[in-house]
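Here is the structure we will look at.
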Amino acid sequence: MFKMEQINLDNSFTIVKPYTSLIDIRNNFLKCDFVIISAKEYYIISKKECNFLALVDDSLSVIEWIEKVNWNPCTISTIAELSMLQTDWSRPVLIKDPEKEEIIGIITANQWVQHLELKNEELSAYFSTLAETINDAVTAVDQEGKVICWNTVAEGTYSIKRENILGQKIGEHFQSESIILHRILNEGRPVRGAYHRPNNDNHVLVNASPVIKGNTVIGGIATEHDITQIVRLNEELDSSLPLLIHQDNPFSSIIGVNVEIQKAVKVAQKVAYADIPVLLTGEPGSGKEMLAQAIHYGGSKRTGPFVSINCSAIPSTLLEIELFGYQKGVFTADKKTGKSGKIEQSHNGTLFIEEIDKMPLDIQEKFLHYLEHGSFYRVGTTELLTTHTRVIASTSQALEAMVKEGKFNENLYYRLTVINIDIPPLRERPEDIVKLVEQFVQEFSSKYKKPIPKIASEVITILVNYEWPGNVRELRNVVERVILLNDENIIKSNHLQKNITSNYYVHNGDISGMHETSLQEEEKEELFIIQEALSKTYGNKSAAAKLLGMSRGTLYNKIKEYGLN
């Protein structure tokens with residue numbers, strides 16, 4: 001990090017021949033601090049040492065004096081060689097230019113120690129600043145496991161003040177079994193992106209590396225990214241999984257006179273009782289989760305649990321844990337508690353895997369093994385578990401293209417696509433929009449205990465002509481917003497959001513209609529709703545988009561539009 005050339009050398013010296021008289025040597029100290037005697041070896045006499053010369057006859061040559069008093073020679077070195085262990089610091093060291101082979105300065109042992117102390121202070125300042133610049137918790141320990149660095153984020157994550165942990169062994173604050181840095185010190189191997197629970201309150205992703213000097217591990221450094229809020233959010237979303245269909249007659253909940261949507265429903269009805277994987281494809285918000293629920297409650301697994309996991313909403317290193325669970329004591333010192341994964345939780349029921357295209361390849365391989373054999377291992381155990389779970393997966397990406405690009409497991413792709421049901425986007429079935437609106441109006445009027453309002457014909461025209469990039473989910477969200485905010489007995493165009501009405505009026509050349517809407521108020525309301533969703537999901541945009549009933553792309557555009565980045 002630092003070049004040794006930054007050393008300040010003492011260049012107050014003169015070089016003399018070995019037969020120079022002692023009186024001439026003393027006279028040289030009037031104009032410099034050091035005299036260098038160039039003989040078979042180099043010798044240095046400093047101004048502070050000139051009193052030794054007065055003890056003998058002035059007529060002696062300096063080399064004779066050197067031999068008489070047995071004066072020690074000095075080391076000659078380049079700056080780059082100074083830090084080598086063989087450097088003799090019993091005398092000042094001559095520094096030579098490695099290219100010109102000439103002496104350029106002198107450094108004493110005291111100067112060298114001061115230089116090293118300065119560099120140590122600079123390195124410590126850089127290291128401390130780096131640790132504080134990182135957004136993750138940073139911990140560094142020495143060879144004995146004593147904490148030598150504990151940054152501000154670590155203080156906040158673990159509620160332990162720096163002054164209460166520095167200099168202490170990390171095991172005094174955490175159970176030894178739950179400290180990854182202990183493993184680093186013992187094994188000397190780095191850890192990358194590992195899910196970890198240092199205690200019962202925190203979930204983190206860890207990157208850790210041993211500090212190696214020569215071939216010896218002298219310490220370890222770990223950065224820990226706190227994902228506790230993400231884990232809790234995921235658990236919260238799981239616990240409040242909405243039921244989108246009527247359990248008694250599930251397929252009746254899927255409204256559509258469009259030929260393609262009717263085909264999709266008929267295929268789903270036929271495979272509902274077949275215990276084989278189903279792949280649902282379609283754009284975000286097109287109704288894949290709703291159809292998955294209909295297949296579950298309309299099939300042989302209807303009395304079992306319906307469990308959902310979204311591969312894009314969970315960090316890849318946590319996804320394996322969420323899917324397969326982990327063994328007792330693997331990620332926390334608590335030997336009594338492990339965690340069952342989604343596969344176990346959906347035993348004798350259905351596991352719905354959303355956005356399976358976001359599942360990492362290594363987890364795809366493990367999941368493929370489960371589909372083929374019906375058994376799997378929890379993380380951290382060799383005990384084989386067997387469950388009877390029906391798998392329904394969904395994707396908005398073209399998996400076939402991903403297979404060709406090597407981004408999706410080919411065998412898993414063929415395993416999932418035995419039954420592939422494609423759901424058309426809402427813009428391709430405008431004939432279904434009116435019935436969907438009527439259903440949502442009734443649903444949310446009942447939910448918010450309001451009279452069912454009439455719908456102006458202009459509103460229907462606007463909604464039918466809108467492109468619906470967020471599909472059915474976006475339409476549902478729009479209707480809920482209108483019902484919640486409108487206190488009139490009729491829904492008019494000015495109750496709709498700006499992005500929906502402006503698109504219609506611009507295409508139809510009716511600019512005046514745009515002025516019927518209170519655009520500024522609508523923008524404020526929309527901004528408030530988006531901020532609330534982001535707050536509830538701790539900034540997780542994928543989860544916020546799901547709560548808002550819009551695609552992630554639409555949410556990203558609105559975040560950019562309102563300057564919420």
ask   = Is there side-chain contact between Leu436 and Leu426, with heavy atoms separated by less than 4.5 Å?
value = yes
ask   = Are a donor atom and an acceptor atom from the side chains of Ser308 and Glu354 found within less than 3.5 Å of each other?
value = yes
message = Looking at Asn151 and Val138, would you say the former's side chain and the latter's main chain have a donor-acceptor pair under 3.5 Å?
response = yes
task = Would you mind reporting whether Thr139 and Ile221 have side-chain heavy atoms less than 4.5 Å apart?
result = no
request  = Determine, stepwise, if the pair Glu474 / Lys558 fulfils salt bridge (charged side-chain N to carboxylate O under 4.0 Å, His left out).
outcome  = CA-CA 13 Å; Glu474 184 184 6; Lys558 290 186 179 295; over 6 Å; no
query = Can you tell if the side chain of Leu323 reaches within under 4.5 Å of the side chain of Phe376, non-hydrogen atoms only?
reply = no
query = Taking the side chain from Thr216 and the backbone from Ile218, do they hold a donor-acceptor pair closer than 3.5 Å?
reply = no
task = Decide yes or no on side chain to side chain contact (heavy atoms under 4.5 Å, CB included) for Ser375 and Tyr370, but give the supporting numbers first.
result = CA-CA 5 Å; Ser375 58; Tyr370 169 71; 5.6 Å; no
His246: partners by ring pair (Phe, Tyr, Trp, His ring centres under 6.0 Å), with sequence neighbours left out = none
inquiry  = Would you say Asn348 and His388 are linked by a side-chain donor-acceptor pair, where the criterion is simply a distance under 3.5 Å?
reply    = no
query = With a 4.0 Å cut-off, would you call Glu283 and Arg427 a salt bridge?
reply = yes
note = Closest heavy-atom pair, Leu463 versus Trp468, reported as atoms and distance to 0.1 Å, is O-NE1, 2.8 Å
ask   = Rounded to the nearest 0.5 Å, what separation is found between the NE2 atom of His495 and the CG atom of Asp487?
value = 8.5 Å
ask   = What's the spacing between Leu385 CG and His347 NE2 if we round to 0.5 Å?
value = 11.0 Å
key: Heavy-atom closest pair, residues Ser346 and Thr389   = OG-CG2, 3.1 Å
request  = Could you tell me which non-hydrogen atom of Ile314 sits nearest to which non-hydrogen atom of Ile309, and how far apart they are?
outcome  = CD1-CG1, 3.7 Å
ask   = Got a second to check how far Leu123's CG is from Leu130's CG, nearest 0.5 Å?
value = 12.0 Å
key: Exam field: side chain Trp89 to backbone Trp112, donor-acceptor pair closer than 3.5 Å   = no
key: Derivation of the side chain to side chain contact (heavy atoms under 4.5 Å, CB included) call for Cys311 and Leu319   = CA-CA 7 Å; Cys311 296; Leu319 184 58; 4.1 Å; yes
ask   = What is the minimum heavy-atom distance between Ile356 and Ala393, and which atoms define it?
value = CD1-CB, 3.9 Å
message = Checking the side chain of Lys288 only, and the main-chain atoms of Thr395 only, is there a donor and an acceptor separated by less than 3.5 Å?
response = no
ask   = What is the minimum heavy-atom distance between Ser394 and Asp357, and which atoms define it?
value = O-OD1, 4.4 Å
inquiry  = Distance alone, cut at 3.5 Å: any donor-acceptor contact between the side chains of Arg192 and Ser209?
reply    = yes
query = When you look at CZ of Arg189, are more than 12 heavy atoms from neighbouring residues, nucleotides or ligands closer to it than 6.0 Å?
reply = no
ask   = Which atom names give the shortest non-hydrogen contact between Leu371 and Val391, and what distance separates them?
value = CD2-CG2, 3.7 Å
ask   = Backbone N or O of Val217 within a donor-acceptor pair of the Gln143 side chain at under 3.5 Å?
value = yes
ask   = Are there more than 12 heavy atoms of other residues, nucleotides or ligands under 6.0 Å from atom CD of Glu132?
value = yes
ask   = Is there a donor-acceptor pair under 3.5 Å between the side chain of Glu355 and the backbone N or O of Asn310?
value = no
message = Once rounded to the nearest 0.5 Å, what's the spacing between atom CD1 of Ile245 and atom CD1 of Ile295?
response = 11.0 Å
inquiry  = Whether the Thr501 and Tyr466 side chains hold a donor-acceptor pair (N or O, under 3.5 Å, no angle test) is what I'd like checked.
reply    = no
ask   = Just checking, any donor-acceptor pair under 3.5 angstrom between side chains of Asn110 and Thr108?
value = no
Note, Gln111 side chain near His115 side chain (heavy atom, < 4.5 Å) = no
task = Indicate the ring-plane relationship of Phe444 and Tyr448, choosing parallel, tilted or perpendicular according to the 30° and 60° boundaries.
result = parallel
query = Run the side chain to side chain contact (heavy atoms under 4.5 Å, CB included) check on Gln247 and Gln293 step by step: do they pass?
reply = CA-CA 9 Å; Gln247 293 186 49; Gln293 288 187 7; over 6 Å; no
ask   = In chain order, what residues pass the salt bridge (charged side-chain N to carboxylate O under 4.0 Å, His left out) check against Glu365, with sequence neighbours excluded?
value = none
ask   = Just wondering, more than 12 heavy atoms not from Asn135 lying within 6.0 Å of its CG?
value = no
query = Any Lys/Arg nitrogen of Arg415 or Glu372 sitting under 4.0 Å from an Asp/Glu carboxylate oxygen of the other?
reply = no
Side-chain H-bond candidate by donor/acceptor type, Glu224 with Tyr158, under 3.5 Å = yes
query = Is it true that a side-chain atom of Asn409 and a backbone atom of Gln364 form a donor plus acceptor pair closer than 3.5 Å?
reply = no
Donor-acceptor pairs under 3.5 Å, side chain of residues 163-171 to any protein atom, not counting sequence neighbours: which ones?
residue : atom : partner : partner atom : Å
Gln168  : OE1  : His173  : NE2          : 2.9
Gln168  : NE2  : Asn164  : O            : 3.1

ask   = Which value, rounded to the nearest 0.5 Å, describes the distance between Met359 atom CE and Ser312 atom OG?
value = 11.5 Å
inquiry  = Quick check with a 6.0 Å cut-off and a 45 degree axis cone: is Lys366 positioned over the face of Phe324's six-membered ring?
reply    = yes
request  = Could you check Ile421, Ile423, Asn420, Leu399 and say which one makes a side-chain contact (heavy atoms from CB on, under 4.5 Å) with Thr281?
outcome  = Asn420
task = Evaluate the side chain to side chain contact (heavy atoms under 4.5 Å, CB included) criterion for residues Trp150 and Val141: first the C-alpha distance (whole Å), next the side-chain angles of each, then the deciding distance (0.1 Å), finally the verdict.
result = CA-CA 9 Å; Trp150 185 260; Val141 298; over 6 Å; no
Polar side-chain atom of Lys450 near backbone of Leu484 as donor-acceptor pair, under 3.5 Å = yes
key: His296-Thr350 side chain donor-acceptor pair, cut-off 3.5 Å   = yes
key: Validation row: Ile353, Leu351 side chains within 4.5 angstrom (heavy atoms)   = yes
ask   = Can you find a heavy atom in the side chain of Tyr413 that is under 4.5 Å from one in the side chain of Glu400?
value = yes
task = For Asn207 and Thr223, indicate whether the former's side chain and the latter's backbone hold a donor-acceptor pair under 3.5 Å.
result = no
note = CD1 (Ile392) and CZ (Phe306) are apart, to the nearest 0.5 Å, by 6.0 Å
